Amino acid sequence: MSQKQKLEDLGNRILNASRTELYLSMRFMGSALDSLKYTLDLSTRTVGTDAVSIRFNPEFLMRLYLNHPRYLNRLYVHMLLHCIFRHMFASSAHEDGELFDLCADICTESVLDTMEYSAVLRTHSDFRDCWYEKLKDEVRILTAERLYVYFTENPPEYEEYCRLKDEFTKDDHNFWSRMNDEDDGGDDGSDPQQQPPPEGQESSDPETDGDLQNDDRPPDSVKTSRLPKELEDKWKKNADRIKAEMEAIGSEASDEYGSLLRTLRFVQKRRKSFKSFLRRFSTLHEEMRTDPDSFDYGFYQYGMELYGNIPLIEENEYRESKKIRSLVIAIDTSASCQDSLVQRFLNETADILMRQESFFRRSEILIIECDDQIQEEIFLSGPEELKKYAGGFSIRGGFGTDFRPVFRRVSELEKQGRIRNLKGMMYFTDGYGTFPERPYPWETAFVLFSDEDSESEGIPDWAYTLYLNGDKE
């Protein structure tokens with residue numbers, strides 16, 4: 001057996017030992033723990049993942065295992081959380097990749113620091129506590145995307161930024177950019193194995209410390225066996241499975257898995273932008289409009305040449321179009337909803353719906369104003385009337401919120417034939433109230449004022465969540 005094979009075998013045994021300990025402590029992570037292979041990779045001084053393998057430098061791994069085995073467990077879970085939250089697939093979409101990497105590390109470490117499993121338990125510094133308190137006040141849910149927005153708008157001083165990197169950077173993220181480069185088919189002619197290690201990896205922290213030596217042997221290839229889109233789908237399924245496992249365990253273990261379930265619920269929530277969601281309401285229907293693409297111009301030209309001025313085929317006077325035929329907009333007029341915010345909802349929705357291509361000429365728009373009961377029903381025949389309604393809207397009602405009467409009423413109107421071809425309903429609300437227990441035949445989106453977790457926790461899984469302050473796909 002060659003020296004390299006011995007090192008790889010030793011690294012595999014170390015990681016297997018760590019995985020076994022994590023299996024016994026965190027059974028709900030079983031699907032994720034089974035999803036990563038181990039690969040020796042001398043292009044890194046530490047360890048990292050490309051969502052297929054944990055790629056390790058054997059010297060770093062042995063030193064960490066001998067001196068701080070619990071830190072190795074934390075590092076293992078740290079990389080798993082990157083995969084579960086799918087950070088490596090979102091990294092290339094952000095202009096400042098280095099800042100996003102830091103935000104991804106803060107996100108995973110913040111979840112780890114709330115866990116009370118003995119395999120990963122560690123006393124964290126006052127510096128961390130101070131930043132966690134500050135970020136939770138400003139951002140609330142510490143996802144990588146929300147942290148990125150916060151730090152973009154509130155960039156820390158350079159010294160503080162470097163200290164944040166030293167504190168939270170634990171694994172090598174260079175594999176993430178290589179995944180994206182490989183998917184794009186790009187090749188800039190440089191040797192990807194000669195990339196320098198990420199900053200912060202040579203700190204005195206025992207998780208990242210190590211004077212590693214690379215010999216002249218070429219490192220293993222970092223090519224992945226699947227395209228990033230397939231990998232992302234795989235890890236999304238893993239995240240769904242882990243979320244279901246934790247929910248099945250129940251609240252008795254909530255202290256042990258800390259904020260992981262809350263963060264997963266937030267990340268996995270079905271979020272859509274106004275535009276993409278409204279496209280789902282479209283129906284295919286014939287409308288009177290010439291369709292120049294519905295016949296073969298060869299026969300048309302042949303007739304003109306043969307008979308002079310008599311085409312063999314004329315343009316079709318009807319064409320199939322996919323537009324909105326029916327739409328229900330429910331407006332929560334309870335005391336907790338502000339008139340100005342509802343007005344903003346309507347104006348933004350009207351801006352989207354006023355585009356002529358969104359509606360058929362004869363469309364049905366039902367506006368329902370409601371709190372704990374139906375206050376008013378207004379039928380509109382098209383986007384022009386919707387614009388007039390938005391201009392003169394004022395809140396009526398002001399009691400608590402019960403969403404069920406609206407769903408029951410819309411169902412009755414469908415049975416009566418007063419609403420036809422309904423594909424979906426948008427419900428403008430603050431998110432607090434009593435929700436229906438079962439889904440209805442049409443798709444439903446609850447539109448909230450802001451992208452805050454506390455407002456969306458009660459929204460059922462069969463509904464979409466839209467946000468006035470965001471345009472998330």
Side-chain angles (χ1 to χ4, degrees), residues 32 35-37 39 41 43-44 46-55 78-111 139 141-153 155 161 164-165 168-201 219-239 263-264 266-269 271-273 276 451 470-473:
S35 297
L36 290 176
K37 300 181 295 185
T39 303
D41 194 326
S43 70
T44 180
T46 55
V47 64
T49 183
D50 55 9
V52 174
S53 301
I54 291 178
R55 313 188 76 88
H78 179 101
M79 291 182 286
L80 284 179
L81 290 176
H82 279 317
C83 297
I84 291 166
F85 295 140
R86 304 186 294 285
H87 290 153
M88 59 278 297
F89 306 106
S91 177
S92 62
H94 295 80
E95 183 177 353
D96 190 340
E98 185 178 325
L99 176 60
F100 182 83
D101 285 354
L102 172 61
C103 294
D105 284 326
I106 295 174
C107 169
T108 55
E109 285 296 300
S110 69
V111 172
V139 184
I141 308 300
L142 304 188
T143 66
E145 290 76 12
R146 301 186 81 182
L147 288 169
Y148 181 85
V149 172
Y150 172 78
F151 282 117
T152 301
E153 296 174 351
Y161 179 78
L164 283 168
K165 291 194 68 176
F168 290 101
T169 300
K170 300 301 173 187
D171 60 329
D172 189 346
H173 293 183
N174 282 325
F175 301 110
W176 299 4
S177 59
R178 298 182 205 175
M179 285 172 56
N180 295 320
D181 291 343
E182 183 179 283
D183 184 44
D184 294 337
D187 185 4
D188 58 4
S190 62
D191 184 358
Q193 309 297 346
Q194 299 303 319
Q195 296 186 23
E199 294 183 30
Q201 296 299 332
D220 293 339
S221 170
V222 298
K223 289 188 177 182
T224 57
S225 60
R226 305 179 187 177
L227 294 175
K229 182 63 176 69
E230 296 171 333
L231 281 173
E232 185 174 6
D233 291 341
K234 169 191 171 183
W235 281 105
K236 184 178 184 304
K237 291 178 181 178
N238 276 334
T263 306
L264 262 181
F266 185 83
V267 172
Q268 299 294 89
K269 198 73 180 179
R271 291 175 170 84
K272 288 285 182 179
S273 69
S276 64
D451 191 356
D471 194 32
K472 298 179 172 58
E473 287 292 346

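Since the model is a prediction, treat every value here as computed from it, not as a measurement.
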W176 side-chain N/O to S91 backbone N/O, donor-acceptor pair under 3.5 Å: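 Such a contact is absent between W176 side chain and S91 backbone.
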Judged by atom type as modelled, is there a donor-acceptor pair below 3.5 Å linking the side chain of K234 to the main-chain atoms of S35?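 Checking the backbone N and O of S35 against the side chain of K234, a donor-acceptor pair under 3.5 Å is found.
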Electrostatic pair D233-K237, nearest N-O below 4.0 angstrom: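 The answer is no: the pair does not qualify as a salt bridge.
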Between R55 and D50 (salt bridge meaning N to carboxylate O under 4.0 Å), is one present in this structure?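 Salt bridge: yes.
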On the 0 to 90° scale, with breaks at 30° and 60°, tag the F85-H87 ring pair as parallel, tilted or perpendicular.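 Plane angle between 30° and 60°, so tilted.
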For the atom pair [atom1] ([X]) and [atom2] ([Y]), what is the distance rounded to the nearest 0.5 Å?
X: M79; Y: H82; atom1: CE; atom2: NE2; result: 8.5 Å
X: S110; Y: L142; atom1: OG; atom2: CG; result: 4.5 Å
X: L81; Y: T108; atom1: CG; atom2: OG1; result: 6.0 Å
X: L102; Y: F151; atom1: CG; atom2: CZ; result: 6.0 Å
X: E98; Y: D101; atom1: CD; atom2: CG; result: 7.5 Å
X: C83; Y: L36; atom1: SG; atom2: CG; result: 5.0 Å

Quick check: do [X] and [Y] have side-chain heavy atoms less than 4.5 Å from each other?
X: M88; Y: T49; value: yes
X: L80; Y: W235; value: yes
X: Y161; Y: K165; value: yes
X: F100; Y: H173; value: no

I would like to know whether D96 and T152 meet side-chain hydrogen bond (donor to acceptor under 3.5 Å, both in side chains); could you show each step before the answer? CA-CA 9 Å; D96 190 340; T152 301; over 6 Å; no
Between V47 and D172, does the side-chain contact (heavy atoms from CB on, under 4.5 Å) criterion hold? Intermediate values first, please. CA-CA 6 Å; V47 64; D172 189 346; over 6 Å; no
Looking only at side chains, do D171 and T46 share a donor and an acceptor under 3.5 Å apart?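 Note: D171 and T46 side chains miss the donor-acceptor criterion.
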Decide whether D41 and T39 meet the rule of one side-chain donor and one side-chain acceptor closer than 3.5 Å.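 Side-chain D/A pair, D41 to T39: absent.
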What is the minimum heavy-atom distance between E109 and F168, and which atoms define it?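 E109 and F168 have their closest heavy atoms at CB-CD2, 3.7 Å.
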Non-hydrogen atoms of L231 and A51 that approach each other most closely: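 It is CD2-O, 3.8 Å.
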What do the steps show when you test N174 against T44 for side-chain contact (heavy atoms from CB on, under 4.5 Å), and what is the final call? CA-CA 9 Å; N174 282 325; T44 180; over 6 Å; no
Going through the distances and angles, do C103 and Y150 end up as a side-chain contact (heavy atoms from CB on, under 4.5 Å)? CA-CA 10 Å; C103 294; Y150 172 78; over 6 Å; no
